[in-house]
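Here is the structure we will look at.
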Amino acid sequence: MSVAAVATMVLMLLLLAGFWLLQAGLTAGVAYVEGKVEIVADLRDVPGAEAALVVEARALAVDVAALPEVRTVHFVSKDEALARFRERLRERGQVDLTGYLDRNPLPASLEVGLVDPREFQPVVDLLSSRSEVVDDVVEVQQLIERLTSVTNVLRTGGLVVLVLVAFVVLFIIVNTIRLAVVARREEIEIMRLVGASDAFIRWPFIFEGAFVGLLGAGAALLVLALLAGPVGDLMYGFFRVLPLELGTLARDVVLLVVGTGLGVGVLGSWLSVRSYLGR
Amino acid sequence: MTSASPPPPAYDPARGREPAAGTGAAPRPVLTLRGVGKTYPNGKVALRDIELSLAEGEFVFLVGPSGAGKSTLLRLLIRDELPTSGEVIVDGADLARVPRRRVPELRRRIGIVFQDFKLLPARTVRDNVAFALEVTGTPRGRIRPAVDRALAVVGLAAAADQLPTTLSGGEQQRTAIARALVHEPRLIIADEPTGNLDPLISWEIIQLLLRINELGVTVLMATHNAEVVTSLRRRVVALEEGRIVRDEVGGYHRED
């Protein structure tokens, strides 16, 4: 088949791989943001009873961690809370006056990370029911609902765009191969008329389709590999925070590109030749 | 062997041709059409109630105006189309009962020649003829002698290594005839084989087909060439609007 067919294959596979990576990044970003959603429970702060409250708080943390909706539980002690507060002040360049306090006024707290930010109610209920330890559960319901509505749109939108791009890619590749087959329809017709079997007529085209597919996939992967270095450096800070498994992602892209190239090449040839094989 | 003279007796489609002089038993039909009709999916009726039988060794002209159904009839014979009614029997096989995957075997028993030659321009004369054997998986050692034989019959042995584009129209058509012959078919179907050729070259092609017929191959030739048909006094099957309106030994036009 033609150089044009291979070139189209390369461009379309790059498009598909690009959108696949974008979708993976988007999903990871959304998961990252959702993972940041925490339920924070401020604990009671009774001067003199700190040690007993810490014991109770740890017991509560174990109960909370036992809930299936909970991913992580972090106990923030009074000291840690104060340390964070000071850190924040220093970052903002504000004067740290906490040294003049006679007592640490900040409460200890539990920070509960969720498996799914939409499933917050059981955790809130459990924390609220232990009012002897928990002073206040910070209201997160509205925040979570807004966040999940945005992330749901992003997830669905990303998937829809990816599926659309996949369809466009399949359509264009199959059509390109069809053109290559149309150019040889006379040869196909002659083969039929002199008594070639369908299989005999088909296999060179299937072979060529597979060849174009693999060649296109190889070229596309080469381009991606060359791009991976610079783009990775550029976006290192971004990718580092995302829960992306780069090894798995690279393997998926290789499978996607090679599988699509080979599959569409063969399928396109098969469909295109079939329409000339007659009844 | 049949030859141009003496003319065979008038043809009776119901009985088949009278046995050729001196051969005894009636030759069995190479092809038979019984009550064949063909209506295309768009509703156009191409053929109606066709009764036709060709005995082994015959040379038959198929004539009629454009659109009379000649091409459809030829397409039925190579099972490029299936009839909507009736049966088409070629070389003993009812084509409607031949499964798709056996169709190639059927086509190898029929040689086909077209008005536009249908040669592969990038292959030499020899390779074009060999192509018909290659695509059917003939062992390489058997291809070469068969191709040489076919090229010798059409008189193109000297041009074997040329490309079709360097040949005259007549030579290209002879290449196509060699390709049709190389399977050693019992039947050759020619669809307007002289339609693109000037009168002199047309006669050469007709002479070649007659010689092949003398070798025992049945020939069915669709043509508009009135001069050739009229002067040869062979069996003529005339189609009009999808029906056989005449089937007798004679000229291109009705003579009574």
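Here the structure is a predicted model, which means the values were calculated and not measured. Chain naming here is simple, since letters A, B, ... match the order of the sequence lines and numbering starts at 1 in each.
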**Asked** Can you tell me how far the CZ atom of B/R107 sits from the CG atom of A/L193, to the nearest 0.5 Å?
**Response**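 Rounded to the nearest 0.5 Å, the CZ-CG separation comes out at 6.5 Å.
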Should we say atom [atom1] of [X] is surrounded by more than 12 heavy atoms from elsewhere, each under 6.0 Å from it?
X	atom1	answer
A/F200	CZ	yes
B/Y40	OH	yes
B/R102	CZ	no

**Message:** So which atom in A/E187 and which in B/F131 form the shortest heavy-atom distance, rounded to 0.1 Å?
**Reply:**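 Heavy atoms of A/E187 and B/F131 come nearest at CG-CZ, 4.4 Å.
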**Prompt:** For B/V135 and A/V194, which heavy atoms make the closest approach, and how far apart are they?
**Reply:**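 Shortest heavy-atom separation between B/V135 and A/V194 comes out as CG2-CG2, 3.5 Å.
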**Fill in**
Taking a cut-off of under 4.5 angstrom between non-hydrogen atoms, the residues of residues 110-118 of chain B near chain A are B/I112, B/F114, B/K118
**Asked** Are any non-hydrogen side-chain atoms of B/V103 and A/R192 less than 4.5 angstrom apart?
**Response** no
**Prompt:** Are the side chains of B/L120 and A/E186 in touch, meaning some heavy atoms are under 4.5 Å apart?
**Reply:**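 SC-SC contact between B/L120 and A/E186 ruled out.
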**Residue part contacting chain A, namely of B/R179, when any heavy atom lies under 4.5 Å** =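 Answer is side chain: those atoms of B/R179 sit under 4.5 Å from chain A.
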**Request:** Can you tell which part of B/L133 gets under 4.5 Å to a heavy atom of chain A, answering side chain, backbone, both or neither?
**Result:**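 B/L133 has no heavy atom closer than 4.5 Å to chain A.
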**Request:** Report yes or no: does B/R108 contribute a side-chain atom to a donor-acceptor pair with the main-chain N or O of A/G195 at less than 3.5 Å?
**Result:**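 Pair found, side chain donor or acceptor close to backbone of A/G195.
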